[in-house]
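I'd like to ask you about the structure that follows.
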Amino acid sequence: NIFYTNIFQMNITISSAPIVNVKVTSNINSFAAEKRFDKSLTIGDLKARLELITGASSGSMILSVYDEKDNEICALNNDSALLGSFPVEENYRIHVVDNSKRVGEFEDLSKVQKFELSEDEYEKKSDTVRNFLLKNKLGKFNEEEQARLQKEKEEAERKEEEKAKTITVGDRCEARVQGEPTRRGEVMFVGKTEFKSGWWVGIKYDEPLGKNDGRVGGKKYFEAPMKYGGFVRPANVEVGDFPRD
């Protein structure tokens, strides 16, 4: 494409693409933006667009162009000149400086006014998710459903505890977890842990098929070489005469 411009009453022909992709940075923000600009824009028009991108004021911003190696190429210092009259190439960077703004001014979320409702105000509104659930007796507002779920949870916990009590430290075992290979090893721990609720069986595997060395979250539950230790729910553990392969 041939891009034509008229600068200072002189006809200048520039052989280049009419659109240029550049990176935009500024001294008041930590982020960078990838943008496409038409080279027929005047620098004044470009500043107006950069105002929306960076938050800098077009009347006080100073623009500099940097190449891909971060060498400063030129300053865009003529508001009436066209962008295409400056040596701005693909993937160059336009850096915006506005010393009238505070660094990070537009990234400080503490300055953003938050919309908050008190609990009483929220209760009075009719178009909320809570109101919908309450009217239709869904979710936590369905007492029967909540009672059923609680009963199922307690039953599952009871069965888990019963199974855990059939497993003893020192037992040979197999860990059978869906989607994982069957692993043999020795039971090293049975009980509740700090890393997750419920009952767990700690196993020292015969092979390095585990995830730890018996330590989770900085707490040591049993001794095992790294990658030989693991924790499995009681339901996924079978004890018995499982010799080493």
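Every value quoted in this text rests on a predicted model; they were computed, and no experiment measured them.
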Open item on the list: Looking at Arg244 and Asp206, is any side-chain nitrogen of the basic one under 4.0 Å from a carboxylate oxygen of the acidic one?
Closed with: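 Result for this pair is yes, salt bridge flagged.
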Task: Within 6.0 Å of NZ in Lys159, more than 12 heavy atoms from elsewhere - done: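 No, because the 6.0 Å sphere around NZ of Lys159 holds 12 heavy atoms or fewer from other groups.
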Task: Joint cluster assignment, Tyr92 & Val97, ILVMFWY side-chain distance < 4.5 Å - done: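 Tyr92 and Val97: separate clusters.
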Task: Cation-pi geometry met for Arg93 and Tyr66 (6.0 Å, 45°) - done: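 Arg93 over Tyr66 ring: yes.
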Task: Stepwise side-chain contact (heavy atoms from CB on, under 4.5 Å) check, Arg183 with Glu174 - done: CA-CA 6 Å; Arg183 292 162 290 181; Glu174 278 191 349; over 6 Å; no
TODO: Please state whether the rings of Phe231 and Trp200 are parallel, tilted or perpendicular, taking 30° and 60° as the class boundaries.
DONE: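 Perpendicular: the ring planes of Phe231 and Trp200 meet at over 60°.
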Task: Donor-acceptor side-chain pairing of His95 and Thr25 below 3.5 angstrom - done: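 Their side chains do contain a donor-acceptor pair, which is all the 3.5 Å distance test asks for.
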TODO: Could you tell me which non-hydrogen atom of Val96 sits nearest to which non-hydrogen atom of Met61, and how far apart they are?
DONE: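 The pair with the smallest heavy-atom distance is CG1-CB, 3.8 Å.
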- [ ] For Ile203 and Cys173, work out which heavy atoms get closest and say how close.
- [x]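 Answer, listing the atom of Ile203 first, then Cys173: CD1-SG, 3.8 Å.
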- [ ] Please report the C-alpha distance between Asn91 and Asp67 in whole Å, then the side-chain angles of each, then the deciding distance to 0.1 Å, and finally whether the side-chain contact (heavy atoms from CB on, under 4.5 Å) criterion is met.
- [x] CA-CA 8 Å; Asn91 301 315; Asp67 65 15; over 6 Å; no
- [ ] Identify the heavy atoms of Val237 and Lys163 that sit nearest to each other, and give their distance.
- [x]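 It is O-NZ, 2.9 Å.
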Open item on the list: Are Leu76 and Cys74 packed together at the side-chain level, in the sense that at least one heavy-atom pair is separated by less than 4.5 angstrom?
Closed with: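 Of all side-chain heavy-atom pairs linking Cys74 with Leu76, at least one is under 4.5 Å.
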- [ ] Verify the neighbour count for atom CZ of Arg49: are there more than 12 heavy atoms of other residues, nucleotides or ligands below 6.0 Å?
- [x]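 Atom CZ in Arg49 is not crowded, with 12 or fewer foreign heavy atoms closer than 6.0 Å.
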Open item on the list: Any salt bridge linking Lys47 with Glu51? Criterion: basic side-chain nitrogen under 4.0 Å from a carboxylate oxygen.
Closed with: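 Glu51 and Lys47: not salt-bridged.
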TODO: Answer yes or no: are there more than 12 heavy-atom neighbours, outside Lys23 itself, under 6.0 Å from its atom NZ?
DONE: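 Open: at most 12 neighbouring heavy atoms sit under 6.0 Å from NZ of Lys23.
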Open item on the list: Does Arg158, at its CZ atom, have more than 12 non-hydrogen atoms belonging to other residues, nucleotides or ligands within less than 6.0 Å?
Closed with: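 Enclosed.
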Open item on the list: Less than 6.0 angstrom from the centroid, inside 45 degrees of the normal: does Arg233 satisfy that with respect to the ring of Trp199?
Closed with: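 No; the conditions do not both hold, so Arg233 does not lie above the ring face of Trp199.
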Open item on the list: Quick check: is Met226 connected to Leu209 through a chain of hydrophobic side chains (ILVMFWY, heavy atoms under 4.5 Å apart)?
Closed with: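 No.
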Open item on the list: Check this for me: does any side-chain nitrogen of one of Glu152 and Arg148 sit under 4.0 Å from a carboxylate oxygen of the other?
Closed with: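 Answer for the salt bridge query: yes.
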Open item on the list: Assess the residue pair Thr54 and Asn29 against the criterion (side-chain hydrogen bond (donor to acceptor under 3.5 Å, both in side chains)); give the C-alpha distance rounded to whole Å, side-chain angles, the decisive distance to 0.1 Å, and a yes or no.
Closed with: CA-CA 7 Å; Thr54 65; Asn29 296 309; 5.2 Å; no
Open item on the list: Under 4.5 Å between side-chain heavy atoms, counting indirect links through other Ile/Leu/Val/Met/Phe/Trp/Tyr residues: same cluster for Phe37 and Ile73 or not?
Closed with: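 Per the 4.5 Å side-chain linkage, Phe37 and Ile73 are co-clustered.
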TODO: Kindly indicate whether the side chain of Phe189, heavy atoms from C-beta on, has any atom under 4.5 Å from the side chain of Val169.
DONE: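 Answer no - side chains too far apart.
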